[in-house]
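For reference, the structure discussed in these notes is given below.
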Protein chains: 2
Amino acid sequence: MKQKITIKTIAKELGVSTSTVSKALKDSHEISTETKQKIQAYADLYNYKPNSLALQLRNQKTKVIGVILPKIVHHFFSTVIMGIEEGANKKGYNIMVCFSNESYKKEVETLKVLSNGSVDGLIVSIASQTLENKDFNHFKGLVAEEIPLVLFDRVVDEILCDKVVVDDVGAGYKATQHLLDNHRTKIALITTPNHVNVGALRRQGYEKALIESYIKTNKKLIVEIDENEDIKPQIEKVFEQDIDAVFAVNEIYAANAMRIAKEKGLEVPKDISIIGFTDGLISEYSSPSITTIAQHGFTMGKQAVDLLIERIENESELFKPKKIVISSDLKLRESTKPSS
Amino acid sequence: MKQKITIKTIAKELGVSTSTVSKALKDSHEISTETKQKIQAYADLYNYKPNSLALQLRNQKTKVIGVILPKIVHHFFSTVIMGIEEGANKKGYNIMVCFSNESYKKEVETLKVLSNGSVDGLIVSIASQTLENKDFNHFKGLVAEEIPLVLFDRVVDEILCDKVVVDDVGAGYKATQHLLDNHRTKIALITTPNHVNVGALRRQGYEKALIESYIKTNKKLIVEIDENEDIKPQIEKVFEQDIDAVFAVNEIYAANAMRIAKEKGLEVPKDISIIGFTDGLISEYSSPSITTIAQHGFTMGKQAVDLLIERIENESELFKPKKIVISSDLKLRESTKPSS
DNA sequence: TATCAACACGAAACCGTTTTCGTTACTTAA
DNA sequence: TTAAGTAACGAAAACGGTTTCGTGTTGATA
């Protein structure tokens with residue numbers, strides 16, 4: 001990179017002190033109009049831009065927000081990023097995005113790197129492996145250092161910080177109830193392993209809805225997908241049971257289920273109803289299109305970043321963690337059209 | 001944020017100088033074993049982490065790479081980010097991600113902010129609006145300042161820098177040829193406005209393939225989608241023509257085309273073949289699944305970041321812009337299965 | 001005993017900027 | 001004539017590190 005022009009260069013070149021240059025560029029009244037014009041002209045000519053590192057060091061703030069996601073090739077996380085970026089940008093912040101790739105180790109490392117002063121605060125969705133081994137010390141460290149932290153979607157109670165989540169139980173309930181309303185009673189649930197808590201919560205909603213309809217939950221109708229294995233055969237297994245509906249906790253699972261149903265000669269939604277989660281492009285463009293629970297990722301990102309910036313800029317306030325619950329909507333599409 | 005522990009605090013607390021502390025923490029031979037142990041123990045106890053801003057200022061490098069994308073809710077860009085992040089991470093860099101949202105103004109601003117010393121280099125895919133109004137001065141400014149820059153996917157010749165692109169002409173040719181091989185001759189092209197050069201290039205490939213088969217291109221079969229309008233009606237118009245195949249330059253257009261085909265009672269691939277671009281989840285999960293040109297976004301991101309880091313770390317070399325062309329593959333699926 | 005190297009540490013400069021607090025020189029009012 | 005005020009600028013500290021170059025104290029050697 002070319003040697004950048006600094007205040008020092010300008011000062012030396014114009015035979016004044018750096019303080020004068022600094023003040024002149026800020027249009028301070030302390031400096032004579034004449035001198036100001038001379039300095040500003042010179043700065044313009046050589047395209048002077050203040051070094052942001054120096055400013056960050058001096059001001060003890062970076063105007064950067066760190067974002068750590070488990071993965072990105074997932075419509076939901078993409079929309080969350082959009083929301084975060086837009087909200088951050090509006091308040092003059094930039095975002096630094098990292099991925100844990102669902103790995104505990106990488107999450108710990110990334111957290112360490114970002115908490116070295118390079119960001120003013122962090123927005124994180126916890127890696128699946130971390131949720132599994134339940135070791136949250138790296139997060140607790142952050143909290144102890146009082147680095148502003150907002151968790152979203154995948155959160156845990158052990159970490160005392162602000163949180164933004166969707167009403168997973170309610171959403172699971174809503175989805176299941178919708179199937180029940182369509183007179184489906186043999187509803188399969190395709191979910192994540194139980195340690196991924198959003199999956200567990202949606203399952204609670206599913207069970208609650210069934211109980212209220214006096215249907216006892218049948219464990220054989222529930223599959224917990226192991227993402228390290230091939231997904232399709234795992235879902236296929238549940239089709240060996242007698243089912244008339246599928247509730248999947250994300251759209252990939254839902255799309256797979258639909259594909260399998262078709263392969264088995266089942267017609268959607270006549271023979272079997274399918275409902276997914278995360279209102280992404282797959283659900284929208286598959287045929288038949290898939291009814292889903294819309295998670296409002298954009299809103300979630302926006303809320304998370306607003307909360308974080310609030311926390312960053314009002315440090316003085318006493319700390320009382322907030323939890324924002326975003327309600328989710330049922331987005332009706334073809335895959336659950338009543339047969340009547 | 002809590003007051004962080006610094007080298008100064010340690011020095012004062014232990015009654016030594018900051019230089020001693022700094023050296024001790026780096027295990028310098030200049031410091032006695034005794035003192036080193038004392039200092040290291042103290043640092044560990046209070047969880048000392050060197051302030052990265054201070055280091056960045058002193059070393060004149062940030063180990064951060066800026067990434068500016070037109071948008072993210074697009075499978076292709078998501079995979080590119082993954083590639084960039086992985087490559088960057090491997091070499092100890094972090095990435096700062098921003099979005100231009102296809103807007104010229106936001107692109108200019110973002111570029112300005114990031115080139116203030118907060119990043120060591122930039123990876124950018126140009127905003128559609130910028131391509132349209134052909135004003136590249138903000139990029140030329142970067143090049144003049146010798147800030148390492150790599151453009152990918154959407155690139156232009158006017159900017160003298162490293163580039164990573166897919167072989168768009170070849171890909172367009174390949175796709176069209178595939179349709180021709182399946183005895184389709186009335187091939188519609190659904191593309192972007194011509195200023196988005198990747199669209200223009202793919203169109204060249206399309207036209208080349210047709211010419212080689214002695215088929216004259218019919219302008220009525222080509223639609224340039226205006227993304228500010230509703231997409232579906234625009235695509236519907238081409239179905240008023242007599243067509244037996246559709247080549248779409250991205251998967252959203254392809255999915256829309258398939259949906260329309262079905263609504264018109266056309267069977268895919270019996271009555272009409274459809275081929276898309278960008279091997280995303282929509283293509284994979286729609287039914288029938290859609291044949292696409294795989295763009296290898298991950299590879300692209302990786303190559304881009306490798307190129308950039310190479311440039312950052314070997315400044316001395318004389319500058320000769322490189323252009324890496326990534327070959328694309330045809331991914332055969334159901335939407336173009338030969339009817340025979 | 002004088003000389004010299006090795007050892008262990010500190011002072012100070014530096015990265016680029018801001019800001020407080022002088023310090024001049026000049027003007028104005030008492 | 002003198003005290004006070006003001007305009008215009010500079011010196012220096014500060015942010016948190018690293019690094020070069022002393023410097024004082026040992027111990028060994030000639």
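All chains are named by letter (A, B, ...) in the order of the sequence lines, taking the proteins before the strands, and each is independently numbered beginning at 1. Every value quoted in this text rests on a predicted model; they were computed, and no experiment measured them.
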(message) Nearest whole Å is fine: how far is dC14(C) C1' from Ile7(B) CD1?
(response) 15 Å
(request) Using the test side chain to side chain donor-acceptor pair (under 3.5 Å), find all partners of Glu310(B) that sit at least two apart in sequence or belong to another chain. (result) Asn314(B)
(request) Would you give the length of the straight line joining atom CG of Asp135(B) to atom CD of Glu158(B), rounded to the nearest 0.5 angstrom? (result) 10.5 Å
(request) Give, ordered by number, those residues of residues 44-60 of chain A having at least one heavy-atom distance below 4.0 Å to an atom of DNA chain D; if nothing qualifies, reply none. (result) Leu57(A), Arg58(A), Gln60(A)
(message) Test of understanding: with side chain to side chain donor-acceptor pair (under 3.5 Å), list the residues that count as partners of Lys105(A), not counting sequence neighbours.
(response) none
(request) Please state whether the phosphate of dC15(C), meaning OP1 or OP2, lies under 4.0 angstrom from any side-chain nitrogen or oxygen of Lys4(A). (result) no
(message) Lys163(A): which residues meet the salt bridge (Lys or Arg N to Asp or Glu O under 4.0 Å) condition with it, sequence neighbours left out?
(response) none
(request) Could you check which of dC15(C), dG17(D), dC9(D) has an atom nearest any side-chain atom of Thr20(A)? (result) dC9(D)
(request) Measure the shortest side-chain to side-chain distance between Ser125(A) and Pro70(A) over non-hydrogen atoms and say whether it is less than 4.5 angstrom. (result) yes
(request) Before giving the answer on side-chain hydrogen bond (donor to acceptor under 3.5 Å, both in side chains), spell out for Ser19(B) and Ser22(B) the whole-Å C-alpha distance, their side-chain angles and the decisive distance to 0.1 Å. (result) CA-CA 5 Å; Ser19(B) 3; Ser22(B) 175; over 6 Å; no
(request) Output the residues of residues 22-35 of chain A in contact with DNA chain D, where contact means a heavy atom of the residue under 4.0 Å from an atom of the strand; sort by number or write none. (result) Lys23(A), Glu30(A), Ile31(A), Ser32(A), Thr35(A)
(request) Mind checking Thr6(A) for me? I need base, sugar-phosphate or nothing, with any heavy atom below 4.0 Å counting as a touch. (result) sugar-phosphate
(request) State, yes or no, whether a side-chain contact exists between Val97(A) and Phe99(A) at a heavy-atom distance under 4.5 Å. (result) yes
(request) Five pairs at each end of the helix from dT1(C)-dA30(D) to dA30(C)-dT1(D): take the axis at both ends and give me the angle between them to 10°. (result) 80°
(message) For Thr18(B) and Lys8(B), find the nucleotide of DNA chain D closest to each by heavy atoms; which residue's nucleotide sits nearer the 5' end?
(response) Lys8(B)
(message) Quick check: do Ile10(A) and Ile5(A) have side-chain heavy atoms less than 4.5 Å from each other?
(response) yes
(request) Check Lys322(A), Arg311(A), Lys320(A) against Asp162(A) for a side chain to side chain donor-acceptor pair (under 3.5 Å) and give me the one that passes. (result) Arg311(A)
(message) So if I apply the side chain to side chain donor-acceptor pair (under 3.5 Å) rule between Thr130(A) and each of His195(A), Glu107(A), Arg154(A), which one comes out positive?
(response) Glu107(A)
(message) Just the rounded figure in Å: distance from C1' of dT17(C) to CD1 of Ile5(A).
(response) 14 Å
(request) Please report, rounded to the nearest Å, how far the P atom of dA8(D) is from the NZ atom of Lys38(A). (result) 14 Å
(request) Using a strict 4.0 Å threshold on nitrogen-to-oxygen distance, state whether Asp27(A) and Lys36(A) make a salt bridge. (result) yes
